[in-house]
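In what follows, residues are counted from 1 in the order of the sequence shown. Numbering of ligands and ligand atoms starts at 1, following listing order.
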Amino acid sequence: MKPQPEDNVYWSIQSCEFLAAMPYAIGLQSAANAFLSAGFATQFTVAVIILLSIILIISAFQKDAPDAPASLPGLSLFHITPFYKKRFDFLSWGIHATGQSIFQFKLLRNTVVVVSGESGRQAFFSAKGLDLTEGFKILSGAIPNVSGVTTDLQSRRIATIHKRVAAAQREGHLNILLPHLLEDSRRVMERWGTSGRFDPFEKIYETTIRALSCGEIADDHALVSRIKQLYDKLDVGTTPTSILMPWLPSWTMVNKLWSTKEIYDIIVAAVKQRQELLTRIGEGEKPQDTLQLLLDAGDDRMAVVGFIMGLLIAGARATGTSGSWLVTFLASHPEWARKARAEVEDLVAAHTNVRFPSPSTPVSWAPFATTQIAGSDSFSRSGNSGYGLSRPIRPTTLTTDLPSFVTSSGSPIVSTSPTSSIRAPTSPLASSPAIPSPTIPTAWSSRRQSYQSYPYHPQRRDSQSSTVTKNKRKRCNSGSGSDGDPSRRVGSRRGSVVVRKEPTPKEREERVGFPDSDGEKEFELEDRVIGGPVSLLGDGNGRRRRKDAITVSSKKTSSQPQGSAPSSPTTPSPASDTTIPASSPLPPLTSSPSPFIIPPSPPTPTTPPSISHALNQIPLNVWESPSSTPILDALIKETLRIAQPHTAMRRNVGPEFYIDGKRIETGDYVVYPFSDVHLDEDIYDNAGVWMPERWLSEEKEKVPGKDVPFGYVGWGAGKSMCLGTRLAKVELKLLIAMFVLGFDFGVVDKKGNPIRPGAGLAEADSELPSPNWNDILLCRPEKKFWLGYERRKGMEL
Ligand code: HEM
């Protein structure tokens, strides 16, 4: 019987025949043949593309639920690249395109909800279900991905890491770290030579490695540079494909894997090296650094490696980036560099026995009279005037301030005599080179040696310490130093006792405040070494503390507990105090063969005091006290506001909840761009302009964002505040202090010419570096720039 058309089976067969014939009709059969005969890589790629297309088509036809955030218009495939490559522009566009403060888009199968506005921000930072670690996993690709070591960590492991981060920032540990951080900055800056130019985004990062790792890495410059390169490769390898499809064997993915492996190997080798050292020295003195802290806490090797790998990104990279921007802003705003320099000089005057000359020392900056090279960025040019410019920062659509022109001319006039007259500077920055006292001993030179005393250092000298230490102790105990003149005070600092002529009240007054760019000042100080000891005591736990600083004067001999900074943040009175505070953290000195430290050599009376030596004497609590460092604090705060392009990323681990009436499903990713609050003109006047003064207003109500919930999020907010704030702030302050005391500097173009306003104001202005919020990690401007610098005459780093 002939099948009838109504017969379902008949029509099914007919349909099948038709479908079977169709590929021939449209050429798909030959495509299928080509696909089957292609290699695996092609087959794989084609399969992925087909799969993605299906997902995209399906998602394009999905309708938003009534209480769901508005979806971005357009095909979601086109949202992926801008989210990673032009994030600031993309998110701003999203808000305009949807007309909503909260919207969503798709990253393949992942829903990402973007939150903005005050109430959205409040909900975002307070929501219990929003998890930072889960959010970063998929949305940020810059973290080296080693499952179980840096990613996919159990919450117990994460809690342990947080505990260790806190331990690494306790006062005792920071006190130990402080001189090492200064020494790192000194070594890095010493390598720059006396003048030249450098790319801050390449060079500043090098100073931030030690605090979160160990001497084995931080003391090896080649290794530090290599790590920087490898983390840069991770950044470059962070493409949408490598983040969203990590299983796709693309070239960037392979590169990323390779870099991750190399970083891993470097850190594993350093940890192994330390463990071998510990076996060798047995009960002997252990190194005192963050790695040791982790090992002492009983963490296994993988936990230690994970900590260092992860925090070199979360911590060292963030600190390096902020440091790079800080020096860049200072280079563009000499008036602030001057203020920072004056503040640090005041700290030195108030808390140390080192006397740099009066801030009004007459030096006109003549940069680059001699040419040296920092890294490969060499250039040569003859002497010229300094840079000076207040410049606007315009992340995208932002307002500007008016540039002000400052200039300098002439050659440096540097006195080498402690009693010479000093003329006022004409350069904005070149205000106060050191007139080194030839009689203050350099405890720092001995500290430099301490770095050679690591057991793996080729020049280690183990056994020379005890006699030196004993001899010095004897000299000190003789109580020499009192010459009966009450205006002279005597202090003991690491192997020396210094007699200093007390400055008159007028002289003291002149040292305080910002340098007077026109005024003429004279200053006279006398420093005389009369010998000196340092005694150290162990604390019974294998750690040594420097014993009391010994102070001898015509009236009294006093001692002060050592090794701990005074707990009160109040600033000790400067020279009127007869005791030189002994609270600055110094590497412990001992007669035992330490793997970390060797005792100081006898003081060399002719060596000038170095900046790092001076800064090291400033107690930790002074660095941390807002009343001691208002300028440095304002600089940091403003820099984090305007040059931190962070987008906070979270995943809702459940349950679902609402933000601004819009439902956030369990599993959704939620992001909040910091630009939403930090560039908000309603909170910050001239929000796009770098203006540290906004944080210095004496009237509380004028401090921006004071009454706005989470009005400033530079260190995070809510339950995910930055856990490294304390360390990062100290690191940044030390960095600025070293830089402004050691150098005159300014922004230069590729030919090495200072970028400054003048006849061609508009061009010069457009040349100046301005944060690029589309660069999601560094905020680095698209146009390359350099900082030109010249070492200040007479200043030892
Ligand atoms: C200038 C340097 C630094 C800046 C600007 C900075 C900024 C931030 C910000 C904004 C957050 C919150 C991120 C978010 O909400 O998505 C954060 C979190 C964090 N930071 Fe920092 N940070 C810096 C240095 C450091 C350092 C040195 C460490 C380590 C010692 C560190 C450890 C962390 C950790 C562990 C978190 C995650 C906290 C959590 O999981 O709740 N940071 N940081």
| said: As a quick check of understanding, evaluate ring pair (Phe, Tyr, Trp, His ring centres under 6.0 Å) for Phe105 and Phe90, giving each step before the final call. | reply: CA-CA 11 Å; Phe105 67 98; Phe90 171 71; 5.1 Å; yes
| message | List ligand 1 atoms under 4.0 Å from Ala728, heavy atoms only on the residue side. | response | 1 (C), 2 (C), 24 (C)
| note | Of Leu212, Leu312, Thr133, Val730, the residue with the heavy atom nearest atom 30 (C) of ligand 1 is Leu212
| query | Where is the nearest protein heavy atom to atom 27 (C) of ligand 1: which residue, which atom, and how far? | reply | Gly315 CA, 3.5 Å
| Between Trp623 and Thr629: side-chain donor-acceptor atoms closer than 3.5 Å | no
| Please state which protein non-hydrogen atom is closest to atom 29 (C) of ligand 1 and give its distance, to 0.1 Å? | Gly724 CA, 3.8 Å
| query | Of all the atoms in ligand 1, which lie at a distance below 4.0 Å from a heavy atom belonging to Gln644? | reply | 5 (C), 7 (C), 10 (C)
| task | Under 4.0 Å from a heavy atom of His646: give me the atoms of ligand 1 that qualify, with their elements. | result | 13 (C), 14 (C), 16 (O)
| message | Heavy atoms only, cut-off 4.0 Å: how does Trp715 contact ligand 1, side chain, backbone, both, or neither? | response | both
| request: Look at atom 33 (C) of ligand 1 and say which protein heavy atom is nearest, naming residue and atom and giving the distance to 0.1 Å. | output: Leu723 N, 3.7 Å
| Of all the non-hydrogen atoms in the protein, which one sits nearest to atom 10 (C) of ligand 1, and at what distance? | Gly716 N, 3.4 Å
| field | Distance-only side-chain donor-acceptor flag, Tyr672 / Asp676, under 3.5 Å | value | yes
| query | What part of Leu640, side chain, backbone, both or neither, has a heavy atom within less than 4.0 angstrom of ligand 1? | reply | side chain
| query | With atoms numbered from 1 as shown, which atoms in ligand 1 lie under 4.0 angstrom from a non-hydrogen atom of His162? | reply | 39 (C), 40 (O)
| said: Salt bridge check, Asp199 against Arg780: does any charged N sit closer than 4.0 Å to a carboxylate O? | reply: yes
| query | At what distance is the nearest protein heavy atom to atom 1 (C) of ligand 1, and which residue and atom is it? | reply | Ser322 OG, 3.3 Å
| Just checking, is any N or O donor in the side chain of His221 or Arg187 under 3.5 Å from an acceptor N or O on the other one? | no
| Hey, is the main chain of Gln169 close enough, under 3.5 Å, to the side chain of Arg726 for a donor-acceptor pair? | yes
| said: Polar contacts were defined as any N/O atom of the residue lying under 3.5 Å from an N/O atom of the ligand; does this apply to Glu731 and ligand 1? | reply: no
| task | Please work out whether any backbone atom (N, CA, C, O) or any side-chain heavy atom from C-beta onward of Thr319 is under 4.0 Å from ligand 1, and answer side chain, backbone, both or neither. | result | both
| Looking at Ala318, which atoms of ligand 1 are within less than 4.0 Å of one of its heavy atoms? | 1 (C), 2 (C), 3 (C), 4 (C), 23 (C)
| Do His646 and Ser675 have a side chain donor and acceptor closer than 3.5 Å? | no
| request: Would you mind running through ligand 1 and noting each atom that sits below 4.0 Å from a heavy atom of Met721? | output: 38 (C)
| field | Lys/Arg N to Asp/Glu carboxylate O, Glu731 vs Lys733, below 4.0 Å | value | no
| Which atoms from ligand 1 have a heavy atom of Phe674 less than 4.0 Å away? | 10 (C)
| request: Write out the residue and atom name of the closest protein heavy atom to atom 37 (C) of ligand 1, then the distance separating them to 0.1 Å. | output: Leu132 CD2, 4.4 Å
| Checking ring pair (Phe, Tyr, Trp, His ring centres under 6.0 Å) for the pair Trp93/Phe103: CA distance, chi angles, key distance, verdict? | CA-CA 11 Å; Trp93 168 76; Phe103 66 91; 8.0 Å; no
| request: Tell me which protein heavy atom sits closest to atom 6 (C) of ligand 1, plus the residue, atom name and distance to 0.1 Å. | output: Cys722 SG, 3.7 Å
| said: For atom 41 (O) of ligand 1, what's the nearest protein heavy-atom neighbour? Residue, atom name and distance, please. | reply: Ser720 CA, 3.4 Å
| Does the ring center of Phe201 lie less than 6.0 Å from the ring center of Trp325? | yes
| When you check the gap from the basic side-chain N to the acidic O, do Arg651 and Asp131 get nearer than 4.0 Å? | no
| message | Can a side-chain donor-acceptor contact be found between Asn774 and Asp89 if the only test is distance below 3.5 angstrom? | response | yes
| message | Taking distance alone, with N or O pairs closer than 3.5 Å, would you say Arg650 contacts ligand 1? | response | yes
| field | Test item: Thr207 side-chain N/O and Ile204 main-chain N/O as donor-acceptor pair under 3.5 Å | value | yes
| field | Gly714 touching ligand 1 at heavy-atom level, < 4.0 angstrom | value | yes
